[in-house]
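Numbers restart at 1 for each chain; the letters A, B, ... are given by sequence-line order, proteins then strands.
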Number of protein chains: 2
Amino acid sequence: MSSENKRSSELRRSMPLLPISTVMQLTELSARQIRYYEEHELIQPHRTEGNRRMFSLNDVDTLLEIKDMLEQGVNMAGIKKVFDMKKHSSQLKAQAKEEISDSELRQILREEMKLVQRQQKPSLRHGDMSRFYQ
Amino acid sequence: MSSENKRSSELRRSMPLLPISTVMQLTELSARQIRYYEEHELIQPHRTEGNRRMFSLNDVDTLLEIKDMLEQGVNMAGIKKVFDMKKHSSQLKAQAKEEISDSELRQILREEMKLVQRQQKPSLRHGDMSRFYQ
DNA sequence: AATTACATGTTAGGAAAACTAACATACGTC
DNA sequence: GACGTATGTTAGTTTTCCTAACATGTAATT
């Protein structure tokens with residue numbers, strides 16, 4: 001896939017299309033749960049002019065990951081850590097891409113992994129929204 | 001693509017995910033227009049328990065086709081005809097697949113085309129929802 | 001055993017979004 | 001100028017979603 005395509009599909013996946021009722025069905029989470037996870041800053045759904053939450057496909061993906069980890073006994077704090085690390089490591093990766101070799105990068109990511117695994121054993125299975133679109 | 005994948009992506013594309021407000025943004029149609037097209041049976045959005053319309057990606061695709069044809073001067077009746085023919089010819093095609101050769105099939109579809117073209121000159125450009133997912 | 005923290009349920013009251021139905025209007029056609 | 005078609009607008013209702021508060025089950029802590 002070209003980087004152009006990657007960028008525009010990222011755009012589509014982050015478009016706020018879905019009301020909470022749809023997200024409830026897709027994830028089998030309650031509204032209370034979804035709002036609670038937002039309260040803890042695990043997701044940041046868009047708001048309409050009238051203050052209704054509107055969710056993207058990425059949000060649904062994230063919620064499925066959260067659900068997964070909770071079911072595996074990871075608590076909010078743990079999930080936050082995992083997400084922080086993910087963000088950090090993808091920033092690192094983006095930055096590193098232009099500076100270092102692949103093998104050096106893999107080495108760094110292995111070290112990051114160890115850091116997290118010391119604290120908990122999260123499921124790293126990726127969210128499964130791919131079921132719901134093309 | 002395997003026929004299994006084709007079937008399941010069709011499933012996803014027909015899932016009622018979107019409220020009318022989202023569809024309005026995606027298509028740049030007014031609520032009045034969308035409801036009017038439903039009234040004329042060009043789309044059949046799902047209804048929630050509380051009677052709210054919920055639209056699928058296929059519905060959005062269809063609406064974009066309708067918009068396209070209207071802009072090209074085709075009226076409701078013409079659009080209906082085009083859709084009827086589409087449905088008919090895809091049924092025909094499905095049935096034919098197991099009975100006749102490709103070249104025979106192409107011949108039949110050419111004849112169907114002529115039938116419609118005698119009445120109007122619709123745009124056959126396909127709806128462009130592919131912008132919005134994966 | 002009592003306390004605490006965490007994740008979620010439930011309820012109440014209010015605001016936004018969507019519904020139907022009816023009437024209004026612009027524009028093309030007879 | 002009357003008519004038909006596609007769309008706008010408005011009014012009155014119903015449904016969905018919002019926040020905030022309090023309730024509850026379970027696990028960890030004392």
Value for OG1 (A/Thr22) from CZ (A/Phe55), rounded to nearest 0.5 Å, stands at 10.0 Å

Between A/Ser56 and A/Asp59, is there a side-chain donor-acceptor contact under 3.5 Å, judged purely by atom types and distance? yes

Rounded to whole Å, CD1 of B/Ile34 lies from P of C/dT20 at a distance of 13 Å

From CG of A/Leu42 across to P of C/dC6 the rounded distance in Å is 14 Å

Separation of C/dC6 atom P from A/Ile79 atom CD1, nearest Å, is 14 Å

When rounded to whole Å, the CD to P distance for the pair B/Glu39 and D/dG8 reads 14 Å

Atom CD of A/Glu38 and atom P of D/dC17 are separated, to the nearest Å, by 14 Å

Separation of D/dA20 atom C1' from A/Asn51 atom CG, nearest Å, is 14 Å

Which atom pairs link the protein and nucleotides 23-27 of chain D when you take only N or O atoms and keep those under 3.5 Å?
none

Assign each of A/Met76 and A/Thr48 the nucleotide of DNA chain C bearing its closest heavy atom; nearer the 5' end lies the nucleotide of A/Met76

From CG of B/Leu29 across to P of D/dA6 the rounded distance in Å is 14 Å

B/Lys67 side-chain N/O to B/Leu29 backbone N/O, donor-acceptor pair under 3.5 Å:
no

Out of C/dC19, D/dC17, C/dT8, minimum distance to the side chain of A/Leu70 belongs to C/dT8

- Task: Please confirm whether any donor atom in the side chain of B/Arg52 sits under 3.5 Å from an acceptor in the base of C/dC19, or the reverse.
- Result: no

Picking from D/dC17, C/dA18, C/dG9, the nucleotide nearest the side-chain atoms of A/Ser30 would be C/dG9

Does the distance from a Lys or Arg side-chain N to an Asp or Glu carboxylate O, for A/Lys87 and A/Glu41, drop under 4.0 Å?
no

Handout entry: Hphob cluster co-occupancy, B/Met69 + B/Ile34, side-chain heavy atoms under 4.5 angstrom
Key = yes

Nearest-nucleotide check on DNA chain D, A/Pro19 vs B/Ala31; residue mapping nearer the 5' end is B/Ala31

Rounded to the nearest 0.5 angstrom, the CG-NZ distance for B/Asn75 and B/Lys80 is 9.5 Å

Under 4.0 Å from OP1 or OP2 of D/dC17: is there any side-chain N or O of A/Arg53 that close?
no

To the nearest angstrom, the CD1-C1' distance between B/Ile20 and C/dC19 comes to 9 Å

| said: Please determine whether a side-chain nitrogen or oxygen atom of A/Tyr37 lies at a distance below 4.0 Å from atom OP1 or OP2 of C/dA7. | reply: no

ask   = When hydrophobic residues are tied together by side-chain contacts of less than 4.5 Å, even through go-betweens, does B/Leu17 share a cluster with A/Ile43?
value = yes

For C/dA7, take OP1 and OP2 only and decide whether either is under 4.0 Å from a side-chain N or O of A/Tyr36. yes

